[in-house]
**Q** 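I'd like to ask some things about the structure below.
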Amino acid sequence: MKYFLILLLAVTLSNAKIIQRFVAPTNCSACHQEQVKDWMTSLHAKSHTDKNELYHEAVKIVARDLRQPYENVLVKCGDCHNPRLEVAESELDENYMLAKAFVLETTQSEHIDKALTAKHIQNGISCYVCHNVNSIKEKHNNQDVGFNVLEWIPNDTIVGPFTDPNNRAGFHKSEIRDYFVTGNDLCLACHQGQATENKLSVYDTGKELESTNDTRRCVDCHMGSLKQEIIAPNMKPNLAQKRTIRSHLFAGIRNDSKELKEYVNLGIKVIGSTKANIEIENLATHNLPSGFSGRSVVLNLKFLKGTTELSSSKIGFEKVYRNKIGSRTLSYAADRLVSDSTLKPLEKREISIDIPAGTTSIKADLLYYVLAPEVKGSMQIKNDAFTKPYTMKSMTFNLN
């Protein structure tokens, strides 16, 4: 019990006091209506299992393959999915695992279970997560992610790219932090590093970006272009001023299909009557696809003679992971990485194809899957936003 109380104190100290009026994003929308509306469409708003069945099912798969309690995996994933989760991984000891296995309620299990359902984490990566980060610690290894590198402000100060010495908002104090203005440290606190103890579960988005020497920031693509706007213009209008702001879509294929359509080029180079090279170019500064290991991009080709389909073929761009029994799985529970055909940052790739005799045109559809059909397996996912294909490019190449 003494050891548990010490751990509880350590977690309490690392998680600054939760200011209750900041917990609900609806409170922020009184002044920041457009930003909250955008955020609600993003995966940041759906990073808790209660609001994301893909995440819920993925945690179940990982728990099954690793033979761990569901809650153990949830806490580890919570380093990034719910960095204000008030549970330390070191609390998930044998006593807790035995309590879960035998359905026993102990002081320890009650504390952890309560933390996993706390109201302030059910909103996912909300306003109160990013805009309450006081500082970001230097990373020393791949397991330094999320909760482990973020330090919170202990009072009612909200941070961002601006300061407000006049306290115009009234609802909170405002201070500036450099990581909202330059660099990618805030994004890469979670989007670069190891998701579980499994070394295959590394998110390498930061290293992918670094390999390009490109000066673009994550927000330049995923939070859109800069614009001038007055936040809450009717509040103390004499103190109001235009500021440079961005969208809070945290854009991805689900909530902004334009985002990915603009970051890939597709073409063809015909070589004689029976051969051609498909030309595909990734204009993004990270792999395509990147991040979550269940994603895939598929190029479907149909060879047509007039309107008659002669044949078809499929080319995949993805990482394929398998578990110990050889079944397709996610990286977090994988035994090995079998293949990696993802497009690397800014890569131009040519893929040789055979053209059937009599072909007059080739229909090419480049599709993006949040969850590849081959990975879905036994996952019980009803929301087709996670399973349907999203069209990135649809083109017809005439050969005549």
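Start at 1 with the first residue, then count along the sequence.
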**Q** Quick check: closest heavy atoms across Phe180 and Pro161, and the distance to 0.1 Å?
**A**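 Scanning both residues completely, I find the closest heavy atoms to be CB-N, 3.7 Å.
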**Q** Taking everything shown except Met223 itself, do over 12 heavy atoms lie less than 6.0 Å from its CE?
**A**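 Counting other residues, nucleotides and ligands, CE of Met223 exceeds 12 neighbours.
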**Q** Write down the atom of Tyr70, the atom of Val59, and the distance for their closest heavy-atom approach.
**A**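 Tyr70 and Val59 have their closest heavy atoms at CE1-CG1, 3.4 Å.
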**Q** If you look at every heavy atom in Ile153 and Arg177, which pair is closest and at what distance?
**A**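 Looking at all heavy atoms of both residues, the closest pair is CD1-NH2, 3.9 Å.
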**Q** Quick check for you: to the nearest 0.5 Å, what is the distance between Ile253 atom CD1 and Lys388 atom NZ?
**A**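 The CD1 atom of Ile253 sits 10.0 Å away from the NZ atom of Lys388.
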**Q** Look up atom CG in Leu200 and atom CD in Glu197, then write down how far apart they are to the nearest 0.5 Å.
**A**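 The CD atom of Glu197 is 13.0 Å from CG of Leu200, to the nearest 0.5 Å.
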**Q** In sequence, state the C-alpha distance, the side-chain angles, and the governing distance for Thr329 and Asp65, and then conclude on side-chain hydrogen bond (donor to acceptor under 3.5 Å, both in side chains).
**A** CA-CA 9 Å; Thr329 191; Asp65 286 357; 3.2 Å; yes
**Q** Atom NZ of residue position Lys302 - does it have more than 12 heavy atoms of other residues, nucleotides or ligands inside 6.0 Å?
**A**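 Not buried by this count: 12 neighbours or fewer within 6.0 Å.
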**Q** When you group the ILVMFWY residues by side-chain heavy-atom contacts below 4.5 Å and let the links chain together, are Leu209 and Leu343 in the same group?
**A**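 No, Leu343 and Leu209 fall in different hydrophobic clusters.
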**Q** Which one of Asn287, Leu288, Val298, Leu299 satisfies the side-chain contact (heavy atoms from CB on, under 4.5 Å) criterion with Phe317?
**A**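 Exactly one pass, corresponding to Leu299.
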**Q** Are the side chains of Tyr332 and Leu66 in touch, meaning some heavy atoms are under 4.5 Å apart?
**A**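 No, side chains not in contact.
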**Q** Is there a path of hydrophobic side-chain contacts, each under 4.5 Å between heavy atoms of I, L, V, M, F, W or Y residues, that connects Phe292 with Leu74?
**A**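 Shared cluster, yes.
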**Q** Do Asp93 and Gln108 have a side chain donor and acceptor closer than 3.5 Å?
**A**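 Note: Asp93 and Gln108 side chains meet the donor-acceptor criterion.
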**Q** In the single-linkage hydrophobic clustering (I, L, V, M, F, W, Y; side-chain heavy atoms under 4.5 Å), do Leu266 and Ile351 co-cluster?
**A**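 They do share one cluster, since a chain of ILVMFWY contacts under 4.5 Å joins Leu266 to Ile351.
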**Q** Can you confirm whether Lys376 is buried at NZ, in the sense that more than 12 heavy atoms of other residues, nucleotides or ligands lie under 6.0 Å from that atom?
**A**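 Atom NZ in Lys376 is packed in, count exceeds 12.
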**Q** Kindly check if the number of other-residue, nucleotide or ligand heavy atoms within 6.0 Å of CG (Asp178) is above 12?
**A**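 At most 12 heavy atoms, drawn from other residues, nucleotides or ligands, come within 6.0 Å of this atom.
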**Q** Could you tell me whether the side chain of Ser174 and the main chain of Asp164 form a donor-acceptor pair under 3.5 Å?
**A**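 A pair under 3.5 Å: no.
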**Q** More than 12 foreign heavy atoms under 6.0 Å from CD of Gln228: is that the case here?
**A**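 Yes - once you tally the heavy atoms of other residues, nucleotides and ligands closer than 6.0 Å, there are more than 12.
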**Q** Hey, are Asp38 and Arg246 close enough for a salt bridge, meaning a charged N less than 4.0 Å from a carboxylate O?
**A**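 The answer is no: the pair does not qualify as a salt bridge.
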**Q** Would you mind checking if Arg21 and Asp156 are paired as a salt bridge, meaning a charged N to carboxylate O distance below 4.0 Å?
**A**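 Judged by the 4.0 Å cut-off on N to carboxylate O distance, Asp156 and Arg21 do form a salt bridge.
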**Q** Please check: side-chain N/O of Gln192 versus main-chain N/O of Tyr203, any donor-acceptor pairing under 3.5 Å?
**A**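 Flag set: sc Gln192 to bb Tyr203 pair under 3.5 Å.
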**Q** So, Asp214 side chain and Thr285 main chain: donor-acceptor pair closer than 3.5 Å or not?
**A**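 No: the side chain of Asp214 does not pair with the backbone of Thr285.
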**Q** Can Lys275 and Asp354 be counted as an ion pair, charged N to O under 4.0 angstrom?
**A**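 Yes.
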**Q** Does a side chain donor of either Lys382 or Thr387 reach within less than 3.5 Å of an acceptor in the other side chain?
**A**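 On atom types as modelled, these side chains do not qualify, holding no pair under 3.5 Å.
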**Q** Of all heavy-atom pairs between His248 and His131, which one has the smallest distance, and what is that distance?
**A**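 The pair with the smallest heavy-atom distance is NE2-NE2, 4.1 Å.
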**Q** Side chains of Thr157 and Asn155 only: does a donor on one sit below 3.5 Å from an acceptor on the other?
**A**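 Yes, side-chain donor-acceptor contact under 3.5 Å.
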**Q** Would you indicate whether the side-chain heavy atoms of Val133 and Trp152 approach each other to under 4.5 Å?
**A**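 Side chain of Trp152 against side chain of Val133, heavy atoms only: contact under 4.5 Å found.
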**Q** Within the distance-only criterion (no hydrogens, no angle test), does the side chain of Thr360 pair as donor or acceptor with the backbone N or O of Gly306 below 3.5 angstrom?
**A**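 Answer holds: yes.
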**Q** What I'd like to find out is whether the side chain of Asn398 reaches to under 4.5 Å of the side chain of Ser361, using heavy atoms alone.
**A**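 They are in side-chain contact.
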**Q** Please say whether more than 12 non-hydrogen atoms of neighbouring residues, nucleotides or ligands are located less than 6.0 Å from CD in Glu374.
**A**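 Yes - once you tally the heavy atoms of other residues, nucleotides and ligands closer than 6.0 Å, there are more than 12.
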**Q** Verify whether one side chain among Lys199 and Ser201 offers a donor that lies under 3.5 Å from an acceptor in the other.
**A**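 Per modelled atom types, Lys199 and Ser201 side chains form no pair under 3.5 Å.
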**Q** I would like to know whether Glu210 and Lys207 meet salt bridge (charged side-chain N to carboxylate O under 4.0 Å, His left out); could you show each step before the answer?
**A** CA-CA 5 Å; Glu210 190 178 280; Lys207 289 184 177 179; over 6 Å; no
**Q** Can you name the closest pair of heavy atoms from Lys139 and Val149 and give their distance?
**A**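 Closest approach of Lys139 to Val149: CG-CG1, 4.0 Å.
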**Q** Under 3.5 Å, side chain of Ser341 to main-chain N/O of Gly316, donor-acceptor pair present?
**A**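 A pair under 3.5 Å: yes.
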**Q** Counting only heavy atoms not in Lys227 (residues, nucleotides, ligands), do more than 12 fall under 6.0 Å from its NZ?
**A**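 Result for NZ/Lys227: enclosed.
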**Q** Can you tell me if Arg168 uses its side chain to pair, donor with acceptor, with the backbone of Met235 under 3.5 Å?
**A**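 Answer holds: yes.
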**Q** Under 3.5 Å, side chain of His120 to main-chain N/O of Ile18, donor-acceptor pair present?
**A**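 Judged by distance alone, no pair lies under 3.5 Å.
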**Q** Determine yes or no for a side-chain-to-main-chain donor-acceptor pair under 3.5 angstrom, with Glu53 supplying the side chain and Asn383 the backbone.
**A**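 Yes, Glu53 side chain to Asn383 backbone: donor-acceptor pair under 3.5 Å.
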**Q** Salt bridge or not for Glu279 and Lys269, using N-O below 4.0 Å?
**A**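 Between Lys269 and Glu279 there is a salt bridge, with a charged N closer than 4.0 Å to a carboxylate O.
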**Q** In terms of hydrophobic clustering (I, L, V, M, F, W, Y; side-chain heavy atoms under 4.5 Å; direct or indirect links), are Ile268 and Leu366 co-clustered?
**A**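 In one cluster with Ile268: Leu366, yes.
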**Q** What is the distance from atom CG of Asp204 to atom NE2 of His286, rounded to the nearest 0.5 Å?
**A**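 Between Asp204 CG and His286 NE2, I get 13.0 Å after rounding to 0.5 Å.
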**Q** With a sphere of 6.0 Å drawn around NZ of Lys137, does it hold more than 12 non-hydrogen atoms of other residues, nucleotides or ligands?
**A**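 For Lys137, atom NZ is crowded (more than 12 foreign heavy atoms under 6.0 Å).
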**Q** Where is the tightest heavy-atom contact between Ile125 and Ser47, given as atom of each residue plus distance?
**A**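 Distance-wise, the nearest heavy atoms are N-OG, 3.1 Å.
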**Q** Between Tyr321 and Tyr369, is there shared hydrophobic-cluster membership here, with clusters defined by ILVMFWY side-chain heavy atoms closer than 4.5 Å?
**A**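 No, it is not one cluster - the side chains of Tyr321 and Tyr369 are not joined through contacts under 4.5 Å.
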**Q** Would the Phe171 and Phe22 ring centres measure less than 6.0 Å apart?
**A**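 Centroid separation for Phe171 and Phe22: below 6.0 Å.
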**Q** Quick check: does any side chain N or O of Thr41 sit under 3.5 Å from a backbone N or O of Lys37, one acting as donor and the other as acceptor?
**A**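 Here the side-chain-to-backbone pair does not exist.
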**Q** Output yes when a side-chain donor or acceptor of Asn184 lies under 3.5 Å from a complementary backbone atom of Leu188, and no otherwise.
**A**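 Not confirmed, Asn184 side chain does not pair with Leu188 backbone.
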**Q** When the ring centroid of His81 is compared with that of Tyr55, is the distance short of 6.0 Å?
**A**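 Close enough - the centres of the two rings lie under 6.0 Å apart.
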**Q** Give the intermediate values and the outcome of side-chain contact (heavy atoms from CB on, under 4.5 Å) for residues Leu150 and Ile136.
**A** CA-CA 5 Å; Leu150 299 176; Ile136 303 171; 4.1 Å; yes
